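Accompanying notes for the structure given below.
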Amino acid sequence: MYDLKYLRENLDHIRTSLGRRGNDVPWADIQTLSEERRAVTTQVEQLRYELNKGSEEIARLRRAKAPAEEVMMAMKQVGDRIKVAEGTLRKVEDALTDVALRIPNLPHGSVPVGADASDNIEVRRWGTIPTFSSPPKPHWEVGENLGILDFDRAAKIAGARFSVMTGAGARLERALINYMLDLHTTQQHGYREVVPPLLVNRQTMTGTGQLPKFEEDLFRLRDEEYFLIPTAEVPVTNLHREEILSGDCLPLRYTAYTPCFRREAGSYGKDTRGLIRLHQFNKVELVVFTTPDGSYEELERLTGHAESVLQGLNLPYRVITLCTGDMGFSAAKTYDLEVWLPSQQQYREISSCSNFESFQARRAGIKYRPIGGKKEAKTDFVHTLNGSGLAVGRTLVAILENFQQPDGSVEIPSVLRPYMGGLERIQKE
RNA sequence: GGAGAGGUGGCCGAGUGGCCGAAGGCAACGGUUUGCUAAACCGUCGUAGGGACAAAAUCUCUACCGAGGGUUCAAAUCCCUCCCUCUCCGCCA
């Protein structure tokens, strides 16, 4: 969210910079409400000043044993006027905050302008696309034939868009999680592991930008004000909500494995089979808090960390820069990592790495105090970043598809074998 | 779930209606002293939003003592609701 003062003073700049991203923002209302907020704030503060002075006067009179009734009557009036003015102020501020929370982040200057996914820019490719003597099978066929994926029973016990993994499939999922976490918590990557809550409150969801605009994408409990997290980004970024961090502890890097829960509203008919699009999936997430001047360097680093997972697994992928039209609400710049899926003959998203600049930090009140340099240690908002490192289910998909063998077995990438009890190949049991 | 005790600045802790944005201590920062360290002494030491100044320094106003309401001329202090923490009992992985 934008600072309300900044919003008032830079309305036109924000509006033009957002372009079509700001199409559904009620700009005229914001202008009116901003001006009104300023006027009423001034009025309230003046009245309070009058009241404070009057109260001091009463205290003085009473100490001097002088009658104070006259002043008290006058202050009663002032108090009533304050109540009215405060009521107005609150209404205006609530209305203004509500719309301000729905304005998306400004794209960074390096982000290509575009309307949709077709305008995204490919940055680089890595790996060799495998060749097959016969057409490669989709992962659900590979998995069901091996007896390690069971979508029929998942549908029975939960419904569509859920999965059941068994035997070597379950083991592979767990192996991937451990491999990723072990990699990111090494000295070179330097992330601190976190196990956060999977249910969070409304304030937390607002801090990272899921609320108020995207409530329909979230699962929500019926009786309690709890939401299931759609990504570990939410609880981990909110670790430091309403905190002022010491500048010398930045950058702060966290990694967390969590299940993620998404309604997938509006995606009917897309990726209906297999593990690609589920209501519940596992993900290892990377989250970074850093200073504003270092955040774009950190985005490259973070993206590299996500890539190194794919490289370790020897899965071919490409990196793309999302254009302005395809970026998420909170992001200032996003790289997507897309892994090659042989059955679809295309690259599919497996990670999304974003710099949110101060957008989330403003919503969540995450600041830092600069250290060193000049002595004036004015606090400033941190920049937050995050990226999948990686989506575990989709990684399993990529392994089943890319490493499937003519006999229906699947070769296990060598880095995962220690996590699989030395198993080199998944075969029908 | 039952009973009780609490939530005050980076931390500890005083403050039960008015010169209280809040004593005192610790930590931190700057300085004096010092062969070095330590100690001692002096000073600084919350966040945010307005206003004054061309701007900075600075000055000034407003808000903030878990959150939100209420009482009052006036609330950290009294009342209500909620949240959180702790102790005991019960239950439980």
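Every heavy atom of this structure was used, including side-chain atoms; hydrogens, water molecules and symmetry mates were not. Order of the sequence lines fixes the chain letters, A, B, ..., with proteins taken first and strands second; residue numbering starts at 1 for each chain. In this text the structure is predicted, and so the values were computed from the model without any measurement.
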Just list the side-chain donor-acceptor pairs under 3.5 Å for residues 71-88 of chain A, sequence neighbours left out, or say none.
| unit_1 | atom_1 | unit_2 | atom_2 | d |
| --- | --- | --- | --- | --- |
| E86(A) | OE2 | R48(A) | NE | 3.4 |
| E86(A) | OE2 | R48(A) | NH2 | 2.1 |
| T88(A) | OG1 | V84(A) | O | 3.1 |

In whole angstroms, the gap separating P of G10(B) from NE2 of H240(A) amounts to 16 Å
Quick tally for nucleotides 59-68 of chain B: nucleotides whose base has a protein heavy atom under 4.0 Å get B, sugar-phosphate-only ones S, the rest -, giving --SBS----S
Let me know the distance between CZ of R63(A) and C1' of G18(B), rounded to the nearest Å.
-> 7 Å
Between CD1 of I58(A) and C1' of G18(B) the distance, given in whole Å, is 10 Å
Whole angstrom is fine here: how far is it from CD in E56(A) over to P in C20(B)?
-> 11 Å
Take atom C1' in U47(B) and the same atom in G9(B), then report the distance between them in whole Å.
-> 10 Å
Separation of R37(A) atom CZ from G50(B) atom C1', in whole Å?
-> 10 Å
Can you sort out the partners of F356(A) under ring pair (Phe, Tyr, Trp, His ring centres under 6.0 Å), two or more places apart, ordered by chain and number?
-> none
Considering only the C1' atoms, how many Å lie between C36(B) and G21(B), rounded to the nearest integer?
-> 41 Å
Can you check the M73(A) CE to A74(B) P distance for me, whole Å?
-> 13 Å
Could you tell me the separation between the CG atom of L89(A) and the C1' atom of G50(B), rounded to a whole number of Å?
-> 12 Å
Going by atom types only, do Y257(A) and E193(A) share a side-chain donor-acceptor pair under 3.5 Å?
-> no
Is there a donor N/O on one and an acceptor N/O on the other, under 3.5 Å, for the side chain of R38(A) and the base of G50(B)?
-> no
Given atom CD of E242(A) and atom P of U47(B), what is their separation to the nearest angstrom?
-> 15 Å
